[in-house]
Amino acid sequence: MKSQSGIFLGLILLFLFSHKISSQNLFHSGLLFTAAPSPKEQRTSLDLTYNSSVTARFRFSLEFDFAIWNRDQFGYIFRIFDKEHHNIDLVYIPESSTLAVLKLVVNEQLTTINIPLAENKLVRNNWLHLSLTFDLEHGKVDCTLEKQTFNDDHVVLDGFRKVNICFGANRSINFPTTDVPRMAIRNIRIADYNNKSRHNWLLNESEGDKASDLVGNLTARTTNPNWLLNNHFFWTKKDELKLEASSGIAFDTVQNRILFIGKHKVVSYDIINSNIEEQKVDNYKPSNLQSETYYYSFPEKKIFCFSTVPNDIHVYNENDNEWEKGTFNSETSQAVNSTFFLNDQDKSAYSLGGYHNYKYYDYLMRYSFPEKSWKQAILNGDKLVPRSYAAVAKTKKNGEFLIFGGYGNASGQQELGPQCLYDLYSLNLNDMTLEKKWNMENVSENFIPMSSTTVPEQTPALYVLGFPPFLNGTYLKLYRISLEKPEYSAVSDTMHFYFDEERSKASLSFFNKTKEFFAVIKTPAGGDSTSYKIFTLNYPPINRSMLSITFKTVLSNPGNWIIKVIWMVGVFSLVFLYLLILLLRKLHMAEESLEDDNRLNSLVTDKIPRRIENPEKRLVELPRRNAIYLFGEFRVYDNDGLEISNRFTTKLRQLFLSILLLGTDEKGITNEKLNNIHWTYHTPESAKNNRNVNVKKLRDLMVNLKGIQVIHMDGSWILKFSKEFFL
């Protein structure tokens, strides 16, 4: 029986390992190559065959995905070479500002394969699939880029047997080069003359200088790697600008630029090439508040400046290069921290919620451009909870907007305690209907939305740039809010953010051209100036746990991976069923054996068979006084035997564990280390106050237990135990 089960399980494991079935995620994969103007020593190389060559018989294929990050840099995409000084090169050549070509070179001779790349293809994160087949017997090369085909039937390919393949910089003795285009590569596949996959590097690592071969056994080596998986979680700082404090920004997603609006100029930042252009305005912007909101309308070529209700909305006409006339009263304010947005369908502007005179508001205000006045819009349907800082984003449907979260309460009265809100509404401006979708309960981390955007994807979601409240020195993080059910997930690392209601602001937008989120953080820079920091995050964003996962996938037939998953589920089901049948059979055999033994004992002794208990087995009773249990459910019993676990809040449990794990030696855990663990984003004074309050609460609870003490010694905290305490 054992040999049969071993053979069965061995066959199952052989099947699974031969297919290497697991998660697939191409969207986050890739290796970004460092190129000029970086020093030659810092340029990226990907050597697929540094420890072993690839045997080429009759015919072989090489295919991969690539994206051009900078269209102006010449360099080698790859070089195929051998010890006999044969070479095949694919060279990227920028011919003009709007056109580049890929040229194939064989044995230092140009082939007729010239692949044009138009300007719209030469953008980062715009992935192109390239496939090349080399017929060594007949001297043919076939090439396919997306749906375009190119070929050359008169290429000298004889002599290639064992080849080496290197992408980017080549530091080998044969055919060395440091000319590298600024590009990204992923999903490299090598197939034999039967078009069977022999090697496949997905390039989805997040660290190190090695890349796994998912089909063969060739581990690729890279120098100066920049794994793109990290760019889907960590924000990348692109640039920093300074303007006066009353300035602001607007996103132009059609022309791919960020507009920085100052008092007397408009600065345009091109997100493709990071070029900056300044345009001096013929007149001055009428308003001068530091917390204004700006929107750009592409069809009208206008910038709309929202200050506060009931002030006018000021309009900058880009064609005329001037601000339209308008009035502004800095002392008049109906509400602050309102959320402003434009509705292109009815050419109207709106303000939602806000805060004024210790009250939060729920009304929707509509601005009439002809009348230059605000009026309240009456809504039908569900009632909105009064709030400020609401996130509002437009959907694909005309006149429909999403409203998420904010800060307020049901009564609107500040004295009754405002809180972070996590509800989702749908606002239809066509019939002025408000519909509540859902409300999230038990949110693990508090955050207030600062800005939001939607992304055209199969499973629609709202992306929110949020920050934890109650702190000035805080941080921003990207959250993905599900539109189907009350769920959210944090999908980025943090960015430092100094929050000031009047002078700080963070804006978020998604640019489909580069498949990137752009976040712009405005913070005070001293005097009458402000600093703008520009950050990017690749789409789709991921959570932190995905960084520690190595995705393994066989891509012999890209797109058919789901069939492998079905096979995997089926195989595991068979294994489970087989083990269940085996277990039932063994239990049945054990019962039969026990009955036979009982019958034999009955015949020999002529007595009723009975079980013989082992006298050495004793039931161990665990103490229920002065005890803390950490395994399983957290439980605490005091000196009287009462369970007081519910008095330990989450923070107190975490504090106790920190002192227990790090403070039981002679040195203990220092105040600074406790602050870094539990109050990272607090000011030193705030961290000290929070620490003292929570340590006091913990020590007060420990008074009810004998044999354990929380002792403060030389700036450190230590737990002392005696024999009467059980842990």
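This structure is a prediction, so every number in the text was calculated from the model and none was measured. Note: hydrogens, waters and symmetry copies are ignored here, and every other heavy atom, side chains too, is used.
In this structure, the side chains of E240 and Y532 stay at 4.5 Å or more apart for every pair of heavy atoms. Contact check for H678 versus Q654: side-chain heavy atoms found under the 4.5 Å cut-off. Here the side chains of E516 and N125 are in contact, with some heavy-atom distance below 4.5 Å. Counting heavy atoms from C-beta on, the side chains of F648 and R635 never come closer than 4.5 Å. Within the 4.5 Å cutoff, no side-chain heavy atoms of L384 are placed close to those of L364.
Between Y475 and F497, the ring center distance fails the sub-6.0 Å criterion. For Y294 and F304, the ring centers sit 6.0 Å or farther from each other. The six-membered or imidazole ring of F401 lies near that of F341, with a centre-to-centre distance under 6.0 Å. Centroid-to-centroid, the aromatic rings of F510 and Y539 come within less than 6.0 Å. Two rings, from Y479 and F447, have their centers less than 6.0 Å apart.
No side-chain donor-acceptor contact under 3.5 Å links N675 and E672. When only modelled atom types and interatomic distance are considered, S482 and Y488 share no side-chain donor-acceptor pair under 3.5 Å.
In this pair, F634 and F656 present their aromatic rings perpendicular. The plane angle is above 60°, beyond the 30 to 60° band. By the 30° and 60° cut-offs, the orientation of the rings of F535 relative to W235 is perpendicular. Between F517 and Y463, the ring planes lie tilted relative to each other; the angle falls in the 30° to 60° range. Y407 and F470 have perpendicular rings, their planes meeting at more than 60° on a 0 to 90° scale where under 30° would count as parallel.
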(Q) Using side-chain hydrogen bond (donor to acceptor under 3.5 Å, both in side chains), reason through Y296 and R257 one step at a time and then give a plain yes or no. (A) CA-CA 11 Å; Y296 181 80; R257 55 183 184 157; 3.2 Å; yes
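Comment: D362 does not engage R387 in a salt bridge, judged by the lack of any side-chain N to carboxylate O separation of less than 4.0 angstrom. Salt-bridge formation is not detected for the pair K505/E292: no Lys NZ or Arg NE/NH1/NH2 atom is positioned less than 4.0 Å from an Asp or Glu carboxylate oxygen. A salt bridge is absent between E277 and K265: the closest approach of a Lys/Arg side-chain nitrogen to an acidic carboxylate oxygen does not fall below 4.0 angstrom. Ion pair E445/K477 flagged as a salt bridge, since at least one NZ, NE, NH1 or NH2 atom sits closer than 4.0 Å to an Asp/Glu carboxylate oxygen.
Of the candidates L652, D700, L701, R647 forms a side-chain contact (heavy atoms from CB on, under 4.5 Å) with just one, namely L701.
Using a distance-only test at 3.5 Å, with no hydrogens or angles considered, no donor-acceptor pair links the side chain of D320 to the main chain of E322. Looking at K522, its side chain does come within 3.5 Å of a backbone N or O of Q290 through a donor-acceptor pair. Not one N or O on the side chain of S247 forms a donor-acceptor pair closer than 3.5 Å with the backbone of G262. In this structure a side-chain-to-backbone donor-acceptor pair under 3.5 Å is missing from T494 to L476.
When every heavy atom of A519 is checked against every heavy atom of M495, the shortest pair comes out as CB-CE, 4.0 Å.
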